[in-house]
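Beneath this line is the structure, given in structure tokens, with notes to follow.
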Amino acid sequence: MKRSPDIPVVTGVQMAAVDQAMVAVCGLELLQVMETAGRAVAVVVRHLKPGGSIAILCGSGGNGGDGLVCARYLAGWGFGVQCWLTKDVNELHGLAAHQLQICEKIGIPIAGPETPIDFAAVDLVVDAIFGFGLAAAPTGRAAQLIEAANHSGAMAIAIDLPSGVDATSGVAYGQSIVAEITVTLGLPKQGLLAGDGPAQSGRVIVADIGIPTAAYASVGIAQTAIFDSAEFITLDGRTWPS
């Protein structure tokens with residue numbers, strides 16, 4: 001799919017700077033943005049009307065937190081979800097730990113690293129392991145979950161970009177998710193369009209997660225009107241769903 005010239009593309013470094021600007025320049029808390037991001041992914045999943053079970057693969061950082069928010073919304077809408085963690089519960093930190101505590105309190109099943117991986121009955125996988133900060137091949141439990149997801153036969157939806165794919169170069173490091181759909185947050189990452197990115201990411205949907213234009217402007221990213229008429233667009237500039 002060709003990208004609309006009206007849609008800016010950002011590197012991993014630029015997106016990290018935008019995250020910092022949301023706090024320092026705009027006064028937003030990243031927890032607010034995480035809530036919006038997780039809900040956006042859940043809306044895309046709900047539109048697909050998956051039957052049966054949904055496995056949500058959660059890393060220990062911000063991407064994992066997005067996945068846990070997504071899980072909470074889907075569970076509230078009546079979907080059968082289970083979260084699969086790459087780290088022990090006690091090793092999660094910050095916002096991901098906060099979101100995990102909520103999921104535990106409302107009874108969402110959590111599978112820790114000691115749980116044997118079994119995706120035989122899973123109809124859809126949500127990949128929330130790594131985000132734009134990845135710089136090396138996934139290892140350990142993360143690599144095991146990625147491999148199991150790729151061999152499960154279930155549709156995979158990646159949050160922001162497929163885990164294992166570099167946000168800037170598009171290089172797929174070792175074990176990398178092969179997604180049918182990638183819901184990229186705010187603006188598409190350069191790695192979705194370069195290297196292995198297109199083959200790994202499938203159809204890319206860009207989701208509005210409420211990032212102020214001031215945060216983009218502070219790091220030199222031009223203002224865009226892509227979300228003026230829709231919360232979701234595809235890379236060619238069309239509204240989603242369409």
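Within the model, atoms OG1 of Thr184 and CG of Leu192 stand 5.0 Å from one another, a figure rounded to the nearest 0.5 Å. Thr239 OG1 to Phe227 CZ: the interatomic distance, rounded to the nearest 0.5 Å, is 12.0 Å. Rounded to the nearest 0.5 Å, atoms CE (Met22) and OG (Ser218) are 10.0 Å apart. Taking OG of Ser53 as the reference point, atom CZ of Phe119 lies at 9.0 Å (rounded to 0.5 Å). Atom OG1 of Thr115 sits about 10.0 Å away from atom CD1 of Ile110, to the nearest 0.5 Å. Considering CD of Glu104 and CD of Gln99, their distance stands at 12.0 Å, rounded to 0.5 Å.
Glu29 CD: 12 or fewer foreign heavy atoms inside a 6.0 Å radius. In the displayed structure, Gln82 atom CD is contacted under 6.0 Å by more than 12 heavy atoms of other residues, nucleotides or ligands. More than 12 heavy atoms of other shown residues, nucleotides or ligands fall within 6.0 angstrom of atom CZ in Arg46.
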Report the C-alpha distance between Leu74 and Ile54 in whole Å, list the side-chain angles of each, state the deciding distance to 0.1 Å, and finish with yes or no for side-chain contact (heavy atoms from CB on, under 4.5 Å).
-> CA-CA 9 Å; Leu74 291 173; Ile54 300 172; 4.1 Å; yes

CA sep, side-chain torsions, deciding dist, call: Arg203, Thr234, side-chain contact (heavy atoms from CB on, under 4.5 Å) | CA-CA 8 Å; Arg203 187 182 190 192; Thr234 56; 3.4 Å; yes

Before giving the answer on side-chain contact (heavy atoms from CB on, under 4.5 Å), spell out for Thr168 and Val13 the whole-Å C-alpha distance, their side-chain angles and the decisive distance to 0.1 Å.
-> CA-CA 8 Å; Thr168 300; Val13 171; 5.6 Å; no

Would you check, one step at a time, whether the test salt bridge (Lys or Arg N to Asp or Glu O under 4.0 Å) holds for Arg72 with Glu35?
-> CA-CA 10 Å; Arg72 193 177 77 236; Glu35 285 289 321; 2.6 Å; yes

side-chain contact (heavy atoms from CB on, under 4.5 Å) assessment of Val10 paired with Gln190 | CA-CA 6 Å; Val10 295; Gln190 185 173 298; over 6 Å; no

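Across every non-hydrogen atom of Cys26 and Ala215, the tightest pair is SG-N, 3.7 Å. Taking all atoms of both residues into account, the shortest heavy-atom contact from Val122 to Ala154 is O-CB, 3.5 Å. Here the closest non-hydrogen pair linking Val81 and Ala71 is CG2-O, 3.8 Å. Annotation for Pro198 and Ala194: closest pair CD-O, 3.5 Å, computed over non-hydrogen atoms. When every heavy atom of Tyr73 is checked against every heavy atom of Ala42, the shortest pair comes out as CB-CB, 3.8 Å. Gly186 approaches Ile211 most closely through the heavy-atom pair CA-CD1, 4.1 Å.
By the rule that hydrophobic residues join a cluster once side-chain heavy atoms approach within less than 4.5 Å of another member, Val23 and Leu187 end up as members of one cluster. Ile146 and Ile157 fall into different hydrophobic clusters, where Ile, Leu, Val, Met, Phe, Trp and Tyr are joined by side-chain heavy atoms under 4.5 Å apart, directly or via other members. Hydrophobic clustering (side-chain heavy atoms under 4.5 Å, transitive across Ile, Leu, Val, Met, Phe, Trp, Tyr) groups Val126 together with Val206. Hydrophobic clustering (side-chain heavy atoms under 4.5 Å, transitive across Ile, Leu, Val, Met, Phe, Trp, Tyr) groups Leu161 together with Met34. Placement of Leu134 and Val41 in two distinct hydrophobic clusters is found when ILVMFWY residues are connected by side-chain heavy-atom separations under 4.5 Å, directly or transitively.
Using modelled atom types, no side-chain atom of Gln200 and backbone atom of Gly197 make a donor-acceptor pair closer than 3.5 Å. Not a single donor-acceptor pair under 3.5 Å links the side chain of Asp166 to the backbone N or O of Tyr173. Judged by distance alone, with hydrogens and angles left aside, the side-chain atoms of Asp160 form a donor-acceptor pair with the main-chain N or O of Leu185 at under 3.5 Å. Remark: the backbone N or O of Ala158 is not paired with any side-chain donor or acceptor of Thr182 at under 3.5 angstrom. Side-chain atoms of Glu180 come within 3.5 Å of backbone N or O of Ala156 as a donor-acceptor pair. Looking at Lys49, its side chain never comes within 3.5 Å of a backbone N or O of Val45 through a donor-acceptor pair.
Side-chain contact of Gln175 with Gln144: a donor-acceptor pair under 3.5 Å is absent, judged by distance alone. A donor and an acceptor atom, one from each side chain of Asp127 and Ser163, are located under 3.5 Å apart.
The closest side-chain heavy-atom distance from Leu124 to Phe79 is not below 4.5 Å. Using a 4.5 Å heavy-atom cutoff, the side chains of Ile233 and Arg238 are not in contact. Contact of the Asp118 side chain with the Pro116 side chain is not registered, since no non-hydrogen atoms from C-beta on lie closer than 4.5 Å. A heavy-atom distance below 4.5 Å is found between the side chains of Pro212 and Leu28. Contact annotation: the side chain of Ser176 never approaches that of Asp196 to less than 4.5 Å [non-hydrogen atoms, C-beta and beyond]. Between Pro50 and Met155 there is no side-chain heavy-atom pair separated by less than 4.5 Å.
Comment: Glu114 does not engage Arg141 in a salt bridge, judged by the lack of any side-chain N to carboxylate O separation of less than 4.0 angstrom.
For Phe232, the ring-ring contact (aromatic ring centres under 6.0 Å, His included) partners are Trp240, not counting sequence neighbours.
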Going by atom type alone, with no hydrogens or angles, which donor-acceptor pairs under 3.5 Å involve a side-chain atom of residues 83-98 and a protein atom two or more places apart or on another chain?
| residue | atom | partner | partner atom | Å |
| --- | --- | --- | --- | --- |
| Asp88 | OD2 | Asn90 | N | 3.0 |
| Asp88 | OD2 | Asn90 | ND2 | 3.4 |

Please output the side-chain donor-acceptor pairs of residues 56-68 that fall under 3.5 Å, not counting sequence neighbours, one pair per line with the distance.
| residue | atom | partner | partner atom | Å |
| --- | --- | --- | --- | --- |
| Asn63 | OD1 | Ile129 | N | 3.3 |
| Asn63 | ND2 | Ile159 | O | 3.3 |

